[in-house]
Amino acid sequence: MSIVSNIKGLGQDILDLVFPSRCVSCDARPLRDHIFCLSCNLSIGGTDHFDIKDNKLIQRLGHRVNAEHGAALYYFIKNGKVQDALHRLKYGRDAHVGHVFGRIFGKRYLESTHFTPADYIVPVPVYYRKEQKRGYNQSLLFARGISEITKIPIYNKLITKKASTISLTQKNRSERYNGLLSSLQVRYRKEIEGKSILIVDDVLTTGATIEAVVSQITKQHKVNIQIGTIALAID
Ligand SMILES: [Zn+2]
């Protein structure tokens with residue numbers, strides 16, 4: 001099935017590209033399979049989302065998303081090290097950042113008592129012109145890292161995003177949400193029906209994107225939803 005991709009058998013040359021020789025936040029040597037060094041990693045800390053059912057990410061989504069479980073790896077603080085790394089992922093063509101975060105997420109996912117391994121990983125789509133400009137979809141890179149560790153295949157063609165026809169800056173929350181909703185297109189796929197899917201994105205801020213994605217998927221499919229992000233934005 002061409003729409004399902006899974007990375008297997010990475011050679012050492014690719015691993016060298018994937019794992020950088022310097023911490024993304026300072027110039028020290030990074031931890032093994034990581035983008036941060038020991039000191040930066042300690043100063044950032046992770047979240048407790050993998051082991052706590054009613055965690056901050058689930059609370060942020062509130063009653064609007066009916067998810068089996070959800071977790072972010074980190075908290076995203078303005079001008080913090082995680083924001084810096086994600087900024088590099090988003091604007092600096094630093095593709096390995098998404099991939100390494102995915103591998104770290106994958107390990108914690110497998111150890112978590114609240115995640116039952118999903119059937120598919122579904123990355124949140126970006127508008128294809130944006131993807132072309134950037135060279136990649138950062139959520140797909142994150143998904144690839146998770147897939148590599150968990151062996152859960154990626155289902156990348158479930159949902160697509162077209163350009164939004166409304167100006168996002170001029171509308172109120174519900175108009176923005178409706179604009180977002182109409183930009184997301186889901187086609188019915190019978191292989192998704194009744195399955196468990198892990199929807200992944202880089203950052204969860206208000207939760208509106210995940211909410212719109214889940215809403216469009218569940219309109220057509222009966223599925224079990226899990227949410228995974230690199231970071232959860234906090235004040
Ligand atoms: Zn460092």
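Everything numeric in this text was worked out from a predicted model, so none of it was measured.
Looking at Asn178, its side chain does come within 3.5 Å of a backbone N or O of Ser174 through a donor-acceptor pair. Of the possible polar contacts, one joining the Asn137 side chain to the Val124 backbone as a donor-acceptor pair under 3.5 Å is found. Without hydrogens or angle criteria, Ser147 side chain to Arg144 main chain gives no donor-acceptor distance under 3.5 Å. Although no hydrogens or angles enter the test, the distance criterion places a donor-acceptor pair under 3.5 Å between the side chain of Glu175 and the main chain of Asn172. Counting only distance, with no hydrogens or angles, the side chain of Ser215 and the backbone of Glu211 share no donor-acceptor pair below 3.5 Å. A donor-acceptor contact shorter than 3.5 Å links the side chain of Arg189 to the backbone of Lys157. Side-chain atoms of Thr229 never come within 3.5 Å of backbone atoms of Val203 as a donor-acceptor pair (strictly under, hydrogens ignored). Panel note: side chain Ser112, backbone Phe50; a donor-acceptor pair is recorded below 3.5 Å. Judged purely by atom type and a 3.5 angstrom limit, Gln216 uses its side chain to pair as donor or acceptor with the backbone of Leu181. Not one N or O on the side chain of Gln226 forms a donor-acceptor pair closer than 3.5 Å with the backbone of Ala67.
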Checking side chain to side chain donor-acceptor pair (under 3.5 Å) for the pair His99/Glu148: CA distance, chi angles, key distance, verdict?
-> CA-CA 9 Å; His99 189 239; Glu148 213 176 288; 2.6 Å; yes
side-chain contact (heavy atoms from CB on, under 4.5 Å) between Ile225 and Ile199, intermediate numbers included = CA-CA 7 Å; Ile225 300 287; Ile199 298 170; 3.8 Å; yes
Are Gln59 and Asp54 close enough, and set up right, to give a side-chain contact (heavy atoms from CB on, under 4.5 Å), and what steps lead you there?
-> CA-CA 7 Å; Gln59 287 166 6; Asp54 186 27; 3.5 Å; yes
With side-chain contact (heavy atoms from CB on, under 4.5 Å) as the test, would you mind laying out the steps for Lys161 and Leu180 before giving the verdict?
-> CA-CA 9 Å; Lys161 188 173 193 295; Leu180 181 60; 4.2 Å; yes
Report the C-alpha separation of Ile234 and Phe76 in whole Å, then their side-chain angles, then the decisive distance to 0.1 Å, and conclude whether the side-chain contact (heavy atoms from CB on, under 4.5 Å) test is met.
-> CA-CA 6 Å; Ile234 54 169; Phe76 178 107; over 6 Å; no
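The shortest heavy-atom contact between Gly106 and Ile149 is C-CG2, 3.6 Å. Scanning all heavy atoms of the two residues, the minimum distance from Gln220 to Val186 falls at NE2-O, 2.6 Å. For the pair Cys40 and Lys81, the tightest heavy-atom approach, listed with the atom from each and the gap, is SG-NZ, 3.6 Å. The two atoms that bring Gly194 and Val223 nearest to each other are N-CG1, 4.5 Å, heavy atoms only. When all heavy atoms of Ala231 and Val82 are compared, the pair lying nearest together is CB-CG1, 4.0 Å. Residues Ile52 and His69 approach most closely at O-CE1, 3.2 Å, considering heavy atoms.
We find the CG-CG distance between Asn55 and Leu232 to be 8.5 Å, quoted to the nearest 0.5 Å. Separation of atoms OG1 (Thr205) and CZ (Arg60) is listed at 7.5 Å; rounding is to 0.5 Å. The distance from the NZ atom of Lys190 to the NZ atom of Lys195 is 10.0 Å, given to the nearest 0.5 Å. The structure places NZ of Lys107 at 11.0 Å from CG of Leu73, a figure rounded to the nearest 0.5 Å. How far SG of Cys37 is from CZ of Arg29: 11.5 Å, rounded to the nearest 0.5 Å.
A heavy-atom distance below 4.5 Å is found between the side chains of Ile121 and Val200. Under the 4.5 Å side-chain criterion, counting only non-hydrogen atoms from C-beta, Ile146 is not in contact with Arg103. Gln83 is not listed as a side-chain neighbour of Ile77, based on a closest heavy-atom distance of 4.5 Å or more. A heavy-atom distance below 4.5 Å is not found between the side chains of Ile58 and Lys53. The shortest side-chain heavy-atom distance between Pro30 and Phe36 does not fall under the 4.5 Å cut-off. Using a 4.5 Å heavy-atom cutoff, the side chains of Pro123 and Asp201 are not in contact. Arg187 is not listed as a side-chain neighbour of Leu158, based on a closest heavy-atom distance of 4.5 Å or more. Val214 places none of its side-chain heavy atoms less than 4.5 Å from the side chain of Ile217.
Hydrophobic clustering, with ILVMFWY side chains joined whenever heavy atoms are under 4.5 angstrom apart, keeps Tyr177 apart from Val126. One hydrophobic cluster holds both Ile104 and Leu86 under the rule that ILVMFWY side chains link at heavy-atom gaps under 4.5 Å. Under a hydrophobic-cluster definition in which Ile, Leu, Val, Met, Phe, Trp and Tyr are linked whenever side-chain heavy atoms come within less than 4.5 Å, directly or via other members, Ile230 and Leu31 are assigned to different clusters. Both Ile159 and Ile197 are part of a single hydrophobic cluster, where members link through side-chain heavy atoms under 4.5 Å apart.
Between Tyr188 and His221, the gap from one ring centroid to the other is short of 6.0 Å.
Of the residues listed (Phe105, Phe101, Tyr136, Tyr109), the one engaging Phe142 in a ring pair (Phe, Tyr, Trp, His ring centres under 6.0 Å) is Phe105, and it is the only one. Checked against Leu61 for a side-chain contact (heavy atoms from CB on, under 4.5 Å), the options Leu204, Asn66, Thr206 give a single hit: Leu204.
No hydrogens or angles considered: a donor-acceptor pair under 3.5 Å links the side chains of Tyr155 and Glu191. There is no side-chain donor-acceptor pair under 3.5 Å between Tyr74 and His49.
Atom NZ of Lys56 has 12 or fewer heavy atoms from other residues, nucleotides or ligands within 6.0 Å. A 6.0 Å sphere centred on CG of Asp48 holds more than 12 heavy atoms belonging to other residues, nucleotides or ligands.
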